[in-house]
Structure formats: C-alpha cells, structure tokens
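Quick notes on the structure that follows.
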Amino acid sequence: AGIRRGRFFTVMNGRDPALFRPTEPGERSRARLDLGLAPDELLTVHLGSLGPQYGLERIASFHEALASSGVQARFLLLNRDPERSRALVS
C-alpha cells in the first residue's frame, strides 16, 4: 500500500508581495528611526502565535544575556494577546 501522488500537496505560507517586499534605499533606516532603534541595535521580531514550539522563552533569555553583556538588542513580539506576551518575556 503506497501513497498515491497527487493526493497530497504542499501549502506554503502566503504573503502579500505589496506589503512584504525588499526595502527601498533609506526605508530600513527610516523604519529603525521610527522604532527608536540605534543603527547598530539588534532587533529580533516574532509575529504570530505563542506556542511552545517557537522557543520564545529562549529568545527572551538570549536577549537578556545580550543586554547583560552590553549589546544593544530588542525583542519585538507581535500577536493578539499582549498580556500573554508580557508574561512570556518578563
């Protein structure tokens, strides 16, 4: 008993190419300025759900270690549950 080809297919994560595209010259530095980030500051972004499979606690711990060693870094966590987000990283 095998698996018939054509019965299964891959669904890739979609994106809107009008919103998610390579930046134009100067756009990245303007966005960093708008966010209050230094030009050389590290920024890690997670956009999505908060399941344990994403290792968000480890990312938060990594950023704490960076801060304690003097490296400028921020962890931006974007999702629908700000209370749970705060609990994860505090």
Side-chain angles (χ1 to χ4, degrees):
I3 298 174
R4 291 183 304 178
R5 287 200 178 270
R7 189 164 179 198
F8 296 91
F9 56 93
T10 303
V11 177
M12 305 303 285
N13 287 336
R15 71 171 178 83
D16 181 343
L19 292 173
F20 300 99
R21 58 175 170 59
T23 60
E24 298 294 327
E27 208 172 12
R28 182 176 186 266
S29 57
R30 281 191 304 275
R32 292 182 66 82
L33 185 63
D34 289 346
L35 290 170
L37 296 168
D40 59 346
E41 189 171 358
L42 173 67
L43 176 64
T44 303
V45 179
H46 175 83
L47 171 64
S49 61
L50 302 174
Q53 68 272 28
Y54 302 114
L56 300 174
E57 293 91 348
R58 293 186 73 190
I59 296 171
S61 295
F62 171 71
H63 276 267
E64 287 176 17
L66 287 173
S68 66
S69 67
V71 174
Q72 282 188 298
R74 291 194 205 183
F75 179 29
L76 182 58
L77 184 54
L78 303 169
N79 64 70
R80 294 182 183 185
D81 192 347
E83 292 303 316
R84 189 160 169 230
S85 299
R86 282 187 200 93
L88 266 172
V89 296
S90 44

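By convention here, the first residue in the shown sequence is residue 1. Computation of the quantities below employed the complete heavy-atom set of this structure, encompassing side-chain atoms and omitting hydrogens, waters and symmetry-equivalent molecules.
The two residues Pro82 and Asn79 come nearest to each other via the heavy atoms N-OD1, 4.2 Å. The two atoms that bring Asp40 and Gln72 nearest to each other are OD1-OE1, 3.8 Å, heavy atoms only. In terms of heavy-atom proximity, Ala65 sits nearest to Ser68 at O-OG, 2.9 Å. Pairing each heavy atom of Glu41 with each of Ala73, the nearest pair is CG-N, 3.9 Å.
To the nearest 0.5 Å, atom CZ of residue Arg32 and atom CG of residue Asp34 are 11.5 Å apart. The line from CG of Leu77 to CD1 of Ile59 is 8.5 Å long, rounded to the nearest 0.5 Å.
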Below 3.5 Å, can you tabulate the donor-acceptor pairs from side chains in residues 42-50 to any protein atom, sequence neighbours excluded?
unit_1, atom_1, unit_2, atom_2, d
Thr44, OG1, His63, NE2, 2.9
His46, NE2, Ser49, O, 2.8
Ser49, OG, Tyr54, OH, 3.4

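Each of Phe62 and Leu56 belongs to its own hydrophobic cluster when Ile, Leu, Val, Met, Phe, Trp and Tyr are linked at side-chain heavy-atom distances under 4.5 angstrom.
When the shell of 6.0 Å around CZ of Arg21 is examined, it contains more than 12 heavy atoms from other residues, nucleotides or ligands.
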